[in-house]
Amino acid sequence: MHIGDSRSCPLDVLPEEILLKILHLATDSPSRNTEALAGLPPFECIHYDSEIAQERAAMRTKLSLALTSTFIRRMSLPLVYEIVWIHHGAEALLRALQGPRGRDGFGKYVQRIVLPHSTYFMKSDVLTKIIECCPEVRILTRPLA
């Protein structure tokens, strides 16, 4: 294939380990290092405004990658769900994390949950159910405001 060639190169010709490393690097953010964050004292502030902006940019990249092809979507879903923010639409998030028939959902990928500052907008048991369906969660955080 030449540079001017209009045909595209299929990504599945690369080993999955290399593609996963590329996806991981492309979506890196300060909050990915859960081991360092888990070592902080409880109630310690872990974010600065610049880091929050980096996290949001990483999430946009993850979501864009998941929409490119079914192959990339399959590989990027663990990255998309490694950190979840609970906001409006918590019931839809719960359904995705639980999966069909309440099992085999994306909750198995969650390592960190950002809790809402207020839960007035959701049913009382939704937050508990979200946490329950994330067996690998290492960090729960709540923003200051």
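Heavy-atom basis, side chains included; hydrogens, waters and symmetry copies ignored.
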- [ ] Let me see the working for R112 and V114 under side-chain contact (heavy atoms from CB on, under 4.5 Å), right down to the final yes or no.
- [x] CA-CA 7 Å; R112 181 171 157 226; V114 180; 3.6 Å; yes

- [ ] Kindly indicate, with the supporting measurements, whether the criterion side-chain contact (heavy atoms from CB on, under 4.5 Å) is fulfilled by I131 and L115.
- [x] CA-CA 10 Å; I131 294 170; L115 302 168; 4.2 Å; yes

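A 6.0 Å sphere centred on CD of E91 holds more than 12 heavy atoms belonging to other residues, nucleotides or ligands. Shown here is R73, whose CZ atom has no more than 12 heavy atoms of other residues, nucleotides or ligands within 6.0 Å.
We find the SG-CD distance between C134 and Q111 to be 11.0 Å, quoted to the nearest 0.5 Å. The distance from the CG atom of L93 to the CD atom of Q98 is 10.0 Å, given to the nearest 0.5 Å. Taking CE from M59 and OG1 from T27, the interatomic distance works out to 9.0 Å, rounded to the nearest 0.5 Å. With rounding to the nearest 0.5 angstrom, the CG atom of D125 is 10.0 Å from the CD1 atom of I130.
At least one side-chain heavy atom of L19 sits less than 4.5 Å from a side-chain heavy atom of M75. Counting heavy atoms from C-beta outward, T141 and I113 have side chains that stay 4.5 Å or more apart. P116 has its side chain within reach of L127: a pair of non-hydrogen atoms, C-beta onward, lies under 4.5 Å apart. V126 places none of its side-chain heavy atoms less than 4.5 Å from the side chain of I86. Between S69 and I72 the shortest side-chain heavy-atom distance falls below 4.5 Å.
Looking at E16 and R74, a side-chain N of the basic residue comes within less than 4.0 Å of a carboxylate O on the acidic one, giving a salt bridge.
Cluster membership check: Y109 shares its hydrophobic cluster with L140, using side-chain heavy-atom separations under 4.5 Å among Ile, Leu, Val, Met, Phe, Trp and Tyr.
The backbone N or O of S64 sits nowhere less than 3.5 Å from a side-chain atom of T68 that would complete a donor-acceptor pair. Side chain of S76 to main chain of L79: no donor-acceptor pair is present (N/O by atom type, distance under 3.5 Å, no hydrogens or angles).
Aromatic ring centres of F106 and Y81 lie closer together than 6.0 Å.
The two residues A66 and V80 come nearest to each other via the heavy atoms CB-CG2, 4.3 Å.
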